[in-house]
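Notes to accompany the following structure.
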Amino acid sequence: MANNLLLWILGPSLLLAAAVFLLRATSQRFRRRTAVLARALRGMAAGDFAPPEPALFHGDLGDVARALAEASAGLSTTFQRLTSERDFSAAVLTSMTEGVAVVDGRERILFANHAFAEAVGVADECRGLPLLEVVRHSSLIEAVRSALASAEMVRAEVEFGTVRPRTFAFTAAPVTADAAGGGVSGAVLVLHDVTEIRRLERVRRDFVANVSHELRTPLTTIQGFAETLLGGALDDPKARRKFLEIIRDHAARLGRLTDDLLKLSAIEGGSMTFRMEPVHVSQLIGHCVEAVSLKAEARGLEIIQDSAADTLPQVRGDSLRLEEVLKNLLENAIQYTPSPGSIRITAALDGENAVLCVEDTGIGIPSTDQQRIFERFYRVDVARSREAGGTGLGLAIAKHIVEAHEGRLWVESELGKGSRFYVALPLWHAEPEPAAQPAAPRSAA
Ligand code: ADP
């Protein structure tokens, strides 16, 4: 009886205690698992897409954990794809030769590639800096401001650097916040280096002006004397002969000029062909000296040939073109050496090259002009060159021809003492050669 009573009193209490214990244990386990899920969610937010351990979860929580694992896998894939797309875009922008910078609406640089930093002359990392601090050029700043204000693309040109100035064409394009064309949130600046294009345009303009000028002088002379003859000088036999000789000389000058221009255009356009063959240096020198010896004699100049050329190995070249080069150097030497004087032509071996030298005891070339005389139409003394019938193109053509032979043409000179023109030509190697090959197109000098 007493036992039954005890059971009646203690039974419910024990059951209640057991239920409380079970409830607490279950809720603690539940809390631990939800904490695991919460940690996984926080990890995802921070970029860690490791899914929660599935074995820990059953029932409803198991469903939540599986959904979380699926979401995590999906997000991880999307995240990786976006990361690699971003890295790829960054790599493309970084390796671009055009300078690219992106600024926000407050003109702060959000991105700038290496080419941009180099163009404006700042250290690579200018991200976060105000554009005004990085770029001092008002035209560029104004273009960005205008693009931000008007939402329209602005194009212009700017020059950077003082020692070696470079010209850049740039565009400042507005960036709109959304595809629907909302407000302007920033601008993209793209700089394109056009220094070389502008230089070539200038060269072409100067060339056209030079050609026109060179053609104009003999044409005016021819026209003038023809009119004088027609105006009555035809009846004066002495004047008639003199005027006709002048007309003939200027017509010949026009002929030389057009020949040289065509030659220059052929070699620069790559249409001049070179018949490469083994060439004996001594023969080459012999032919050229023979061709100019009368002229030298007439001017009271001595030409001295070096016998060392006889023992030199053959060079690789087009003999006619090389003769043209050497004759031009000899004719210049004759032209610019007063009598009495001498012209010495020598040849020596220098490694894999034969180096020919035309040395004169003439007027020499000022050091400031020594590099420029290889440019088209450049003359130290224009009047003297014209008077001698020079076109101012001889050395430009000679340099192109030598370079087409993979050789080098240069000058050493002292004013009042004389000049030495050197031509280095590669030796002939008995490798099979194509019979004729066009010269590669050359850039304008
Ligand atoms: P040009 O028809 O005027 O001779 P080139 O191209 O052959 O044209 O030469 C360019 C200029 O280089 C000449 O006008 C002359 O001023 C200078 N020059 C060339 N060779 C000599 C030389 N041997 N001595 C002095 N000046 C020279």
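As the structure lists them, so they are numbered: ligands from 1, and atoms in each ligand from 1. Scope of the values below: all heavy atoms of this structure, side chains included, with no hydrogens, waters or symmetry mates.
- Using a 4.0 Å heavy-atom cutoff, Phe374 is absent from the residues neighbouring ligand 1.
- A salt bridge links Lys263 with Glu324: the closest approach of a Lys/Arg side-chain nitrogen to an acidic carboxylate oxygen falls below 4.0 angstrom.
- Between Asp306 and Arg344 there is no salt bridge, since none of the side-chain N atoms of the basic residue sits less than 4.0 Å from a carboxylate O of the acidic one.
- Put simply, no part of Gly362 is less than 4.0 Å from ligand 1, judged by heavy atoms.
- Aromatic rings of Phe168 and His192 (six-membered ring for Trp) have centroids beyond the 6.0 Å cut-off, not under it.
- Using cut-offs of 30° and 60° on the angle between ring planes, the pair Phe207 and Phe377 is tilted.
- Of all protein heavy atoms, the one closest to atom 16 (O) of ligand 1 is Val380 N, 3.0 Å.
- Side chain to side chain, His137 and Glu142 fail the donor-acceptor criterion of an N or O pair below 3.5 Å.
- A salt bridge is absent between Glu245 and Arg240; no separation between the charged side-chain nitrogens and carboxylate oxygens falls under 4.0 Å.
- Qualifying side chain to side chain contact (heavy atoms under 4.5 Å, CB included) partners for Gln283, counting only residues two or more places apart in sequence or in other chains: His280.
- A salt bridge links Arg379 with Glu214: the closest approach of a Lys/Arg side-chain nitrogen to an acidic carboxylate oxygen falls below 4.0 angstrom.
- Of all the listed residues (Ile365, Asp360, Leu393), Asp360 holds the heavy atom that lies closest to atom 23 (N) of ligand 1.
- Close contacts of ligand 1 with Gly392, meaning ligand atoms under 4.0 Å from a residue heavy atom, involve 1 (P), 2 (O), 3 (O), 6 (O), 8 (O).
- Per-residue contacts place Tyr378 under 4.0 angstrom from the following atoms of ligand 1 (heavy atoms of the residue considered): 10 (C), 11 (C).
- In this structure, the protein non-hydrogen atom closest to atom 7 (O) of ligand 1 is Asn332 ND2, 2.8 Å.
- No N or O atom of Ala396 sits closer than 3.5 Å to an N or O atom of ligand 1.
- Applying the 4.0 Å criterion to heavy atoms of Gly390 picks out, from ligand 1, the atoms 2 (O).
- What sits closest to atom 9 (O) of ligand 1 on the protein, heavy atoms only, is Leu395 CD1, 3.5 Å.
- Nearest to atom 17 (C) of ligand 1 among the protein's heavy atoms is Ile373 CG2, 4.0 Å.
- Summary of contacts: the protein heavy atom closest to atom 3 (O) of ligand 1 is Ser385 OG, 2.5 Å.
- Protein heavy atom in closest approach to atom 14 (O) of ligand 1: Arg379 CG, 3.0 Å.
- Nearest protein heavy-atom contact of atom 13 (C) of ligand 1 is Tyr336 OH, 3.4 Å.
- Proximity of Gln223 to Glu227: side-chain heavy atoms (C-beta onward) are separated by under 4.5 Å at one or more points.
- Neither the backbone nor the side chain of Thr337 has a heavy atom within less than 4.0 Å of ligand 1.
- Here Asn328 has side-chain heavy atoms under 4.0 Å from ligand 1, and that is the only part of it that gets that close.
- A ring-ring contact (aromatic ring centres under 6.0 Å, His included) check over residues 325-359, counting only residues at least two apart or in different chains, returns nothing.
- For Glu157 and Arg198, the salt-bridge test passes: some basic side-chain N is under 4.0 Å from an acidic carboxylate O.
- Within ligand 1, counting atoms from 1 as listed, the ones closer than 4.0 Å to a heavy atom of Ser419 are 24 (N).
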